[in-house]
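All values derive from a computational prediction rather than experimental measurement. In what follows, residues are counted from 1 in the order of the sequence shown. What's counted below: heavy atoms across the whole structure, side chains too, no hydrogens, waters or symmetry copies.
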Amino acid sequence: MRNRRSGLRIMARLIGLVKPLAGFMALAVLLGVVGFLCAISVTVLGSAALLRALDGAALLAGKIFVCLGVFAVARGLLHYGEQACNHYIAFKLLALIRDKVFAALRRLAPARLECRDKGDLISMITSDIELLEVFYAHTISPICIAILTSAVMLVFFGRMHPLFALVALLAYLTVGAAVPLLSARFVRRDGMAYRDGAGAFSGFLLDTLRGLGETLRYGDQNRRREEMNRRCDRLNEAGRRLKRAEGHIAAVTDTVILFFSFVMLLCGLALAGAGKVDFDGVLLSTVGMMSSFGPVAALSGLTGNLTHTLAAGDRVLSILEEAPVVEEIKNGKDISFDGMACENITFAYEESPVLRDFSVQLPETGIIGITGKSGAGKSTALRLLMRFWDPDRGRVTMSGEDLRRINTDSLRQNQSLVTQETVLFHDTIAANILVGRQNASREQVVQAAKMAAIHDFILTLPKGYDTDVGELGDLLSDGEKQRIGLARAFLSDAPMLLLDEPTSNLDSLNEGRILAVLDRVRSKKSIVLVSHRPSTKGIADRSCTVSFGRKS
């Protein structure tokens, strides 16, 4: 289990992303400070106007009331400007973070993502990133605004008497720093647990929706529903704990504000009794104290939301900072395909050995079959040939060059992989075949479909090649999906085809058609064929058997 970052570390990393929009952030802070000062001035100047009116200075009091109207209108406009800047920053940064996350997922795929809970990843990409809006729109600038506004108010109180400034300083530090930091320690664990639980629940829900047919078929719906209710109850309980904590924090904050306002009044009365300040000073200091808690009280109220946000930020940063198993090569060599070779490869998934001293030569053309029992390492060998992983020992070469010195784009252009489970996107059949080569013409798509023995089936559909395959290709059978995967590979026209059980979901008729195509292209391509079927293995020019990680 990875180590959790501290809240300050998470905030520091998230703030670092603001650099491109630092000008807008500075403007938001400036508008916020001036806006709060206008709001405070309304109450302070209003008290001053009443004092002047009681003293008989009605004209001066009238001018002050005019200023109050100006400040009140300015407060609304400035607050609008501050929020507009904050949300502009937030939404721009959310777009930037999404771009970074998808780039990170591309960099981590496929090795780092194979064992990831897909529902948890979806939760992170959607709700966790959305939660960061709270941090960028309602956290960074409020902290800066609170510090600057409090500094101005300390100067205001200090001009009347240093004791007023000291009381205000203690009040601001308690409400704006001590209460949020102490409360964060109590709710941080619950916040992290809630975000992790929400991600796990999303994964469970996605699993349930995908397997709904199997659940109904075997009458497992009651157990599944009970498990969903248990998970939902746990998540709701974690949410209730956070809400209770937020209520306690709000109560403590209000109590502290009333306490320090009362302390300021007592100090003013004591100083007035000692002849250090007049009645005006007592009234203005007390009113100023009570009306100036807005910025720091906002910080105290951030704790509950910030707990969720920092937990979400930790999950997002974990993806951005995770190192890939295999680094993409961009400054290596671009090569032309002239055969491949595995030379004394040893490989293990963490502590589970899969291949040991495995060697095989793959010529420029022809069909090489790889056979072996389930779990012997056949599919792993294909993934090492694609450089989804690097071997622990030994090396894999293409055209005599170690794959670790070949540009990744060049390597991908020379290979096509067809796995047992073809992934289809929620799009048309044509669009799914075009994944193999985006700039291919419709005629080339049709030709690839014919080679994959799927063309005749496509023509029976109401919209032909423009028929939607549904989510994950659910509207097609496994065999139809597998043939679309083969059509992709044929369309890519890569000189090397890596086929992992390419006919496992096909009937004998369609299998025969695919094998006939492979037989025709064997003189033009290097084909690596993993299969258990005797009929499929029979077309190989030569075969090797993987047994306990070794070739025999």
**Report entry** Polar side-chain atom of K378 near backbone of K373 as donor-acceptor pair, under 3.5 Å
**Finding:** yes
Query raised in the report: Excluding sequence neighbours, so at least two apart, what forms ring-ring contact (aromatic ring centres under 6.0 Å, His included) with Y88?
Result: F24
Query raised in the report: Do the side chain of N344 and the main chain of F358 share a donor and acceptor less than 3.5 angstrom apart?
Result: no
**Report entry** D507 side chain vs N510 backbone, donor-acceptor pair below 3.5 Å
**Finding:** yes
Report summary line: Applying salt bridge (charged side-chain N to carboxylate O under 4.0 Å, His left out) to K524 and not counting sequence neighbours gives none
Report task. Could you pull out all residues at least two apart from E480 that satisfy side chain to side chain donor-acceptor pair (under 3.5 Å)? Result -> S477
Requested in this report: Would you confirm whether T460, through its side chain, and F457, through its main-chain N or O, come within 3.5 Å as a donor-acceptor pair?
Outcome: yes
Report summary line: Across all chains, not counting sequence neighbours, the ring-ring contact (aromatic ring centres under 6.0 Å, His included) partners of Y465 are H455
Requested in this report: Would you check if the side chain of R522 reaches a backbone N or O of I539 as a donor-acceptor pair within less than 3.5 Å?
Outcome: yes
Requested in this report: Indicate yes or no: does R13 engage E321 in a salt bridge with an N to O separation below 4.0 Å.
Outcome: yes
Requested in this report: Spell out, as yes or no, whether a donor-acceptor pair under 3.5 Å connects the side chain of D541 to the backbone of G366.
Outcome: no
Report task. Inspect the surroundings of CD in Q221 and state if more than 12 heavy atoms from other residues, nucleotides or ligands are less than 6.0 Å away. Result -> yes
Requested in this report: Determine, for E227 against R223, whether the closest basic-nitrogen to carboxylate-oxygen distance falls under 4.0 angstrom.
Outcome: no
Query - Parallel, tilted or perpendicular: ring planes of Y349 versus F347, cut at 30 and 60 degrees - result: perpendicular
Query raised in the report: ring-ring contact (aromatic ring centres under 6.0 Å, His included) with F337: which residues, sequence neighbours excluded?
Result: none
Query - Exam field: side chain E322 to backbone I319, donor-acceptor pair closer than 3.5 Å - result: no
**Report entry** With sequence neighbours excluded, residues passing side chain to side chain donor-acceptor pair (under 3.5 Å) with T346
**Finding:** R393
When the side chains of residues 425-439 are checked against the rest of the protein, which donor-acceptor pairs come out under 3.5 Å, sequence neighbours left out?
residue: T428; atom: OG1; partner: A431; partner atom: N; Å: 3.1
residue: N432; atom: OD1; partner: F425; partner atom: N; Å: 2.7
residue: N432; atom: OD1; partner: R488; partner atom: NH2; Å: 3.1
residue: N432; atom: ND2; partner: F425; partner atom: O; Å: 3.1
residue: N432; atom: ND2; partner: T428; partner atom: O; Å: 2.9
residue: R437; atom: NE; partner: L491; partner atom: O; Å: 3.0
residue: R437; atom: NH2; partner: L491; partner atom: O; Å: 3.2
residue: Q438; atom: NE2; partner: L434; partner atom: O; Å: 3.4

Report task. Report the residues that fulfil salt bridge (charged side-chain N to carboxylate O under 4.0 Å, His left out) with R240, sequence neighbours left out, ordered by chain and then residue number. Result -> E237
Report task. Sequence neighbours left out, what passes salt bridge (charged side-chain N to carboxylate O under 4.0 Å, His left out) with E343? Give chain and number order. Result -> R395
Report summary line: Quick note, side-chain hydrogen bond (donor to acceptor under 3.5 Å, both in side chains) partners involving residues 99-109, not counting sequence neighbours, are R106-E328
Report summary line: Sequence neighbours excluded, the answer for side chain to side chain donor-acceptor pair (under 3.5 Å) partners of D456 is none
Query raised in the report: Taking the six-membered ring of F204, is the NZ or CZ of R224 close enough (under 6.0 Å from the centre) and on axis enough (within 45°)?
Result: yes
Query raised in the report: For T365 and S523, does a side-chain donor sit closer than 3.5 Å to a side-chain acceptor?
Result: no
Report task. Give a yes or no on whether the backbone of I329 and the side-chain of T408 come within a donor-acceptor separation of less than 3.5 Å. Result -> yes
Report task. Answer yes or no: is there an ion pair linking D233 with R230, defined by an N-O contact shorter than 4.0 Å? Result -> no
**Report entry** Residues which pass salt bridge (charged side-chain N to carboxylate O under 4.0 Å, His left out) with R98, listed by chain and number, not counting sequence neighbours
**Finding:** E130
Query raised in the report: Can you check whether R404's main-chain N or O pairs, donor with acceptor, with D402's side chain at less than 3.5 Å?
Result: yes
Report task. Taking R112 for its side chain and P324 for its backbone only, find out whether a donor-acceptor pair lies under 3.5 Å. Result -> no
Query raised in the report: Hey, what do you get for CE (M451) to CG (L518), rounding to the nearest 0.5 Å?
Result: 8.5 Å
